[in-house]
Amino acid sequence: MNILVFNSGSSSIKYRLFDMSRVSVIASGVLQRIGESDASLVHKSVLADGSHQSITRSQQISDHRQGMQQINAVLQQTSLRRDSPPLRGIGHRMAHGGSMFHHPTRIDASVLDAIRQLGDLAPLHNPASVAGIEQALAAFPGVAQVVVFDTAFHQTLPPHAYRYAVPRDFAHRLHVRRYGFHGTSYQYVTRQAARRLGRSSTSLNLIALHLGNGSSAAAIRGGISVDTSMGMTPMAGLVMGTRCGDLDPAVVFHLLRHTDLTPDRLEAILNRDSGLLGLCGHNDMREILELAAAGDDDAQQAFEVYVYAIKKYIGAYYAVLGRVDAVLFTGGIGENSAPIRWRVCQGLQGLGIVLDPDRNDACPPTGGSVHAANSPVAVLVEPTDEQLEIAEQTLQTIQGSDASFTPP
Ligand code: ADP
């Protein structure tokens with residue numbers, strides 16, 4: 001039983017084809033530079049003996065329509081030949097589901113219309129995913145398609161966590177509130193952590209830290225999200241690779257008054273030129289760690305600011321949860337950087353969070369427990385797999401177990 005997962009950006013489409021009966025990847029690919037004359041499609045098929053076969057194509061791809069047609073053609077030629085198991089469904093990643101979507105949802109005309117209306121809430125993210133869905137519907141006719149929202153896992157936040165203290169009208173008419181993101185990742189790592197601890201996720205209180213280019217924290221009570229650091233958009237919360245994280249909103253007005261920046265340009269700067277990049281000129285944590293170790297002042301400060309923000313959220317979410325069973329690290333930085341995990345947990349012994357330095361340093365890419373034997377709170381490294389989570393939610397939805405849509 002095969003499920004295909006798409007993650008469509010404004011100039012790229014990434015995809016992965018899963019064999020769900022064996023929970024394994026049978027093909028993956030990325031199409032980049034859509035809209036340019038030298039767009040490239042790199043496709044990899046996993047052969048029966050486990051080896052890879054790569055196909056690279058470079059040509060002009062003017063839009064998502066042509067892009068999806070190309071991807072379909074390569075898949076038909078390789079992993080979706082007539083003699084291959086049939087394609088059971090397609091799952092699409094969508095950043096923003098607003099307050100409307102609480103679950104993965106089977107796509108039909110009314111769902112697509114509702115998603116288009118959400119474009120105002122996420123103008124930087126949703127329109128490209130919508131284009132991907134529209135073109136996948138055309139390129140793969142007759143295949144059931146499902147949309148999986150990054151916000152859905154956080155739809156369980158109580159009003160005191162999702163409301164902003166602004167006039168009620170902004171909330172009611174303009175949908176201004178906290179939504180939170182990285183929900184697909186949190187759902188996946190919560191289940192994995194429960195498995196590792198040999199407990200049910202409904203019995204677990206977790207502080208989960210997704211630390212990648214985009215970084216966020218979540219307070220999870222009994223397997224359900226009760227608070228998270230990203231807000232109406234993915235710009236809020238922790239310091240990120242290029243996004244500023246939490247900021248006094250008055251800074252925006254100060255900058256608009258004292259520079260000739262337009263609101264759009266300032267938004268782009270706070271999204272793409274801020275965070276670690278703004279602090280030290282680099283957004284790759286590996287480079288920052290190397291520079292900091294070599295004595296670079298800006299890199300050292302960026303590292304300190306990054307770690308400090310995470311620590312503050314751990315303290316805040318400890319207070320929110322009252323009892324914490326485990327702190328989870330995931331994302332490219334959380335999974336791979338022992339020094340970041342060490343510094344984040346340093347000084348948290350009073351909260352019952354005690355890391356074992358050797359286990360932390362030796363933690364393999366497959367994840368593991370890194371706390372000391374006497375640590376009241378477990379500290380886990382859980383590699384995330386958002387694509388697999390989308391594939392699993394897609395299959396469940398198609399099989400009718402989890403579909404739900406509340407019309408606006
Ligand atoms: P995205 O949010 O784009 O999915 P990832 O989760 O892949 O990003 O995380 C990317 C980040 O992970 C980069 O900052 C990269 O430097 C960092 N990273 C990857 N490996 C390591 C490592 N061994 N040590 C420190 N940082 C790492």
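- In this structure, CZ on Phe149 lies 10.5 Å from NE2 on His102, to the nearest 0.5 angstrom.
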Step-by-step side-chain hydrogen bond (donor to acceptor under 3.5 Å, both in side chains) determination, Gln70 to Gln59: CA-CA 10 Å; Gln70 269 292 333; Gln59 68 179 91; 2.8 Å; yes

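- Taking the ring axis of Tyr179 as reference, the NZ or CZ atom of Arg177 stays within 45° of it and closer than 6.0 Å to the ring centre.
- Of all heavy-atom pairs spanning Ala217 and Leu238, the tightest one is N-CD1, 4.0 Å.
- Looking at heavy atoms from C-beta onward, Asn213 lies out of side-chain contact with Met240 at the 4.5 angstrom threshold.
- The side-chain heavy atoms of Val226 and Ile220, taken from C-beta on, include no pair separated by under 4.5 Å.
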From CA spacing to verdict: salt bridge (Lys or Arg N to Asp or Glu O under 4.0 Å), Arg65, Glu134: CA-CA 8 Å; Arg65 186 176 65 84; Glu134 287 168 340; over 6 Å; no

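- Not counting sequence neighbours, the partners of Asp113 by the side-chain hydrogen bond (donor to acceptor under 3.5 Å, both in side chains) test are Arg116.
- Sorted by first and then second residue, the pairs that involve residues 62-92 and meet ring-ring contact (aromatic ring centres under 6.0 Å, His included), not counting sequence neighbours, are Phe6-His92.
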Residue pair Thr262, Asp264: steps toward the side-chain hydrogen bond (donor to acceptor under 3.5 Å, both in side chains) verdict: CA-CA 5 Å; Thr262 62; Asp264 281 357; 5.7 Å; no

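- Here the shortest heavy-atom pairing between Leu291 and Ala299 reads CB-CB, 3.6 Å.
- Annotation for Asp49: atom CG counts as buried by contact number, over 12 foreign heavy atoms lying within 6.0 Å.
- Residue pairs meeting the side-chain hydrogen bond (donor to acceptor under 3.5 Å, both in side chains) criterion with at least one member in residues 218-240, sequence neighbours excluded: His154-Ser225.
- Interatomic distance, CE of Met230 versus CG of Asp150, reported as 8.5 Å (0.5 Å rounding).
- Side-chain contact annotation: Gln187 with Gln393, donor-acceptor N/O pair under 3.5 Å present.
- Expressed to the nearest 0.5 Å, how far CE of Met285 lies from CD1 of Ile333 amounts to 4.0 Å.
- Proximity of Met1 to Leu395: side-chain heavy atoms (C-beta onward) are separated by under 4.5 Å at one or more points.
- Of all heavy-atom pairs spanning Phe181 and His96, the tightest one is CZ-CD2, 3.6 Å.
- Proximity of Thr394 to Ile390: side-chain heavy atoms (C-beta onward) are separated by under 4.5 Å at one or more points.
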side-chain contact (heavy atoms from CB on, under 4.5 Å) between Thr384 and Glu386, intermediate numbers included: CA-CA 6 Å; Thr384 194; Glu386 289 163 285; 4.1 Å; yes

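- Counting heavy atoms from C-beta on, the side chains of Val146 and Thr105 never come closer than 4.5 Å.
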From CA spacing to verdict: side-chain contact (heavy atoms from CB on, under 4.5 Å), Val30, Ile13: CA-CA 6 Å; Val30 56; Ile13 302 174; over 6 Å; no

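- Using modelled atom types and a 3.5 Å distance limit, the side chains of Gln396 and Glu392 yield no donor-acceptor pair.
- Scanning for side-chain contact (heavy atoms from CB on, under 4.5 Å) contacts around Asp325 gives Arg199, Leu204, Asn205, Arg323, with sequence neighbours left out.
- More than 12 non-hydrogen atoms from other residues, nucleotides or ligands lie less than 6.0 angstrom from NZ of Lys311.
- With rounding to the nearest 0.5 angstrom, the CD1 atom of Ile90 is 8.5 Å from the CD1 atom of Ile107.
- Phe153 is linked by a ring-ring contact (aromatic ring centres under 6.0 Å, His included) to nothing, counting only residues two or more places apart in sequence or in another chain.
- In terms of heavy-atom proximity, Met94 sits nearest to Ser129 at CE-CB, 3.5 Å.
- Here Ala268 pairs with Arg265, Arg272 under the side-chain contact (heavy atoms from CB on, under 4.5 Å) rule; sequence neighbours left out.
- Side-chain contact check for Tyr186 and Ser216: at least one donor-acceptor pair (N or O, by modelled atom type) lies under 3.5 Å.
- Looking at Leu328, Val189, Ile310 one by one, the single match for side chain to side chain contact (heavy atoms under 4.5 Å, CB included) with Leu209 turns out to be Ile310.
- Taking OG of Ser375 as the reference point, atom CG of Leu355 lies at 8.0 Å (rounded to 0.5 Å).
- Applying the side-chain hydrogen bond (donor to acceptor under 3.5 Å, both in side chains) test to Glu382 and every residue at least two apart in sequence or in another chain returns Arg196.
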Residues Phe329, Cys345; criterion side-chain contact (heavy atoms from CB on, under 4.5 Å); working and verdict: CA-CA 11 Å; Phe329 284 91; Cys345 293; 3.9 Å; yes

Steps toward side-chain contact (heavy atoms from CB on, under 4.5 Å) verdict (Glu36, Asp38): CA-CA 6 Å; Glu36 294 178 34; Asp38 62 341; 3.8 Å; yes

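- Sequence neighbours left out, the pairs with a member in residues 208-239 that pass ring-ring contact (aromatic ring centres under 6.0 Å, His included) are His182-His210.
- Residues Tyr306 and Val239 approach most closely at CE1-O, 3.2 Å, considering heavy atoms.
- Partners of Glu304 by salt bridge (charged side-chain N to carboxylate O under 4.0 Å, His left out), not counting sequence neighbours, listed by chain and number: Arg343.
- Using modelled atom types and a 3.5 Å distance limit, the side chains of Gln66 and Gln60 yield no donor-acceptor pair.
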Stepwise side-chain hydrogen bond (donor to acceptor under 3.5 Å, both in side chains) check, His43 with Ser45: CA-CA 7 Å; His43 172 91; Ser45 300; 2.9 Å; yes

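- Residues passing the salt bridge (charged side-chain N to carboxylate O under 4.0 Å, His left out) test with Arg22 are Asp19, sequence neighbours excluded.
- Checked by atom type and distance alone, the side chain of Gln32 never pairs as donor or acceptor with a backbone atom of Leu41 at under 3.5 Å.
- For Phe303, there are no ring-ring contact (aromatic ring centres under 6.0 Å, His included) partners two or more places apart in sequence or in a different chain.
- Atom OG1 of Thr330 sits about 8.5 Å away from atom CG of Leu211, to the nearest 0.5 Å.
- Side-chain contact between Leu4 and Leu87: present, with at least one pair of heavy atoms (C-beta onward) separated by less than 4.5 Å.
- Asn283 and Thr242 share no donor-acceptor pair across their side chains, judged by distance under 3.5 Å alone.
- Considering every non-hydrogen atom in both Arg243 and Asn271, the closest pair reads CG-O, 3.3 Å.
- Counting only residues at least two apart or in different chains, side-chain hydrogen bond (donor to acceptor under 3.5 Å, both in side chains) contacts with residues 353-373 comprise Arg341-Asn360.
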